Amino acid sequence: MLRGRTILIMLVVALVAFAGGVWADNALSSRQARRLIANVGDLNLDPEHIHIRRINTGLGGRAVVEALVQTGFELAHQNGQWAVVRVRLGDRQWDSIEFITAAITHEKIRRTSADLRVLAQAMAAYHRDHHRYPAAANFAALVDMLVPQYLGRIIREDYWHRAYVYQPTPNGYQVVSLGADGQLATADDLRLENGHLRVPTTE
């Protein structure tokens, strides 16, 4: 195994200042950015291993921070090839890559499901008013028909950054997220059909 192979990772981190908080009226400093990045979730990174390259502040109390994060990866030679198996997230804290990717997938499913439930409510309200579902050619056209009267915000993509697939059916409609694999009609699809949501099971 290769332990502690140190590399530099380029991260672009969006930091949201607290509304009315301590940074609402002040510029975000490199020191503050390092501390925030180091404590995202349960990472507990060493701030000394985070190097701020650039801070771009914008409207609405937001800033985009471009940073270099120095950490370590553990690789193992498996089935004739190298694979990343663990990443060092904190001081002597190593976590499984499989665990991290599973957690990310679970969160993407949760957030995509939430958007689909909001969309289901909008579709139901449209149906109550028009006694039919929208006859849209695709998902983008569907959203344009629903916003703003039935849908309070624009939804274009799932949390894998892919467009939803909208299909009118003889009995109503289907909206599909292609899920992690990006393929239609596979086991990891999230499917909203006439208000009923089916999501893939995760272990």
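Small disclaimer: the values here were computed from a predicted structure and weren't measured.
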* Measure from the side-chain N and O atoms of Q32 to the backbone N and O of S29, and report whether any donor-acceptor pair falls under 3.5 Å. => yes
* Could you walk me through whether L119 and L146 pass the side chain to side chain contact (heavy atoms under 4.5 Å, CB included) check? -> CA-CA 9 Å; L119 183 66; L146 296 175; 3.7 Å; yes
* Asked: Is a salt bridge present between R156 and D144, judged by a nitrogen-to-oxygen distance below 4.0 Å?
  -> yes
* Asked: Just how far is it from atom OH of Y166 to atom CD of Q174, taken to the nearest 0.5 Å?
  -> 10.5 Å
* Asked: Under 6.0 Å between ring centres, would you say that holds for Y164 and F139?
  -> yes
* Where F73 and W94 come nearest, the two heavy atoms and their spacing -> C-CZ3, 3.7 Å
* Asked: Measuring from N56:CG to R54:CZ, what's the distance to the nearest 0.5 Å?
  -> 6.5 Å
* T57 OG1 to I55 CD1 distance, which is reported to the nearest 0.5 Å -> 8.5 Å
* In Å and rounded to the nearest 0.5 Å, what is the NZ to CG distance from K108 to L190? -> 12.5 Å
* Asked: Given the rule in the side chain to side chain donor-acceptor pair (under 3.5 Å) test, do Q81 and N79 qualify, once you have shown the distances and angles that lead to the verdict?
  -> CA-CA 6 Å; Q81 61 184 3; N79 301 321; over 6 Å; no
* Can you find a pair of side-chain heavy atoms, one from L197 and one from S113, that are under 4.5 Å apart? -> yes
* To do: Give a yes or no on whether E107 atom CD has more than 12 heavy-atom contacts from other residues, nucleotides or ligands under 6.0 Å away.
  => yes
* To do: Would you mind reporting whether M145 and P134 have side-chain heavy atoms less than 4.5 Å apart?
  => yes
* Between L116 and Y126, is there a shared hydrophobic cluster once you connect ILVMFWY residues whose side-chain heavy atoms come closer than 4.5 Å? -> yes
* Given D115 and Y159, is the side chain to side chain contact (heavy atoms under 4.5 Å, CB included) satisfied, shown in steps? -> CA-CA 10 Å; D115 277 358; Y159 280 82; 3.5 Å; yes
* Asked: Between G179 and R162, which heavy-atom pair has the shortest distance, and what is it?
  -> O-NH1, 2.6 Å
* Structure fact -> Taken to the nearest 0.5 Å, the spacing of E74 CD from I97 CD1 works out to 10.0 Å
* Asked: What's the shortest heavy-atom distance between A38 and P47, and which atoms?
  -> CB-CG, 4.0 Å
* May I have the step-by-step check of side chain to side chain contact (heavy atoms under 4.5 Å, CB included) for V176 and L192, ending in yes or no? => CA-CA 6 Å; V176 181; L192 175 67; over 6 Å; no
* Closest non-hydrogen atom pair, A33 against I52 -> CB-CD1, 4.0 Å
* **S177 side chain vs D158 backbone, donor-acceptor pair below 3.5 Å** => no
* Do the non-hydrogen side-chain atoms of L68 and I50 ever get within less than 4.5 Å of each other? -> no
* Quick one: do V118 and Y133 end up in the same hydrophobic cluster if we chain Ile, Leu, Val, Met, Phe, Trp and Tyr together by side-chain heavy atoms under 4.5 Å apart? -> yes
* Go through the steps for R35 and N39 under the test side chain to side chain contact (heavy atoms under 4.5 Å, CB included), then give the verdict. => CA-CA 6 Å; R35 189 171 70 248; N39 292 294; 3.8 Å; yes
* Sorted by first residue and then second, give each salt bridge (charged side-chain N to carboxylate O under 4.0 Å, His left out) pair with at least one member in residues 187-201; sequence neighbours left out. => D189-R191
* Under a 4.5 Å side-chain heavy-atom rule over Ile, Leu, Val, Met, Phe, Trp and Tyr, are L75 and I100 clustered together? -> yes
* To do: Kindly give the heavy-atom pair with the smallest separation between P168 and A136, and that separation in Å.
  => CG-O, 3.9 Å
* Is it the case that D129 and Y150 place a side-chain donor and acceptor less than 3.5 Å from each other? -> yes
* To do: Verify the cluster assignment for V69 and L28: are they in a single hydrophobic cluster under the rule of side-chain heavy atoms below 4.5 Å apart?
  => yes
* **Distance-minimising heavy-atom pair for D181 and L178** => OD1-O, 3.1 Å
* Examine V165 and V175 and state if one hydrophobic cluster contains both, with Ile, Leu, Val, Met, Phe, Trp and Tyr joined whenever side-chain heavy atoms are less than 4.5 Å apart. => no
* Asked: Between T112 (side chain) and I109 (backbone), is there a donor-acceptor pair under 3.5 Å?
  -> no
* Salt bridge flag under 4.0 Å for residues E66 and R53 -> yes
* What is the distance from atom CZ of R88 to atom OG1 of T71, rounded to the nearest 0.5 Å? -> 4.5 Å
* Mutual orientation of the aromatic rings belonging to H77 and W82 [parallel < 30°, tilted 30-60°, perpendicular > 60°] -> perpendicular
* To do: Would you sort out whether R34 and D46 count as a salt bridge (Lys or Arg N to Asp or Glu O under 4.0 Å), showing the intermediate values?
  => CA-CA 9 Å; R34 280 197 303 271; D46 184 350; over 6 Å; no
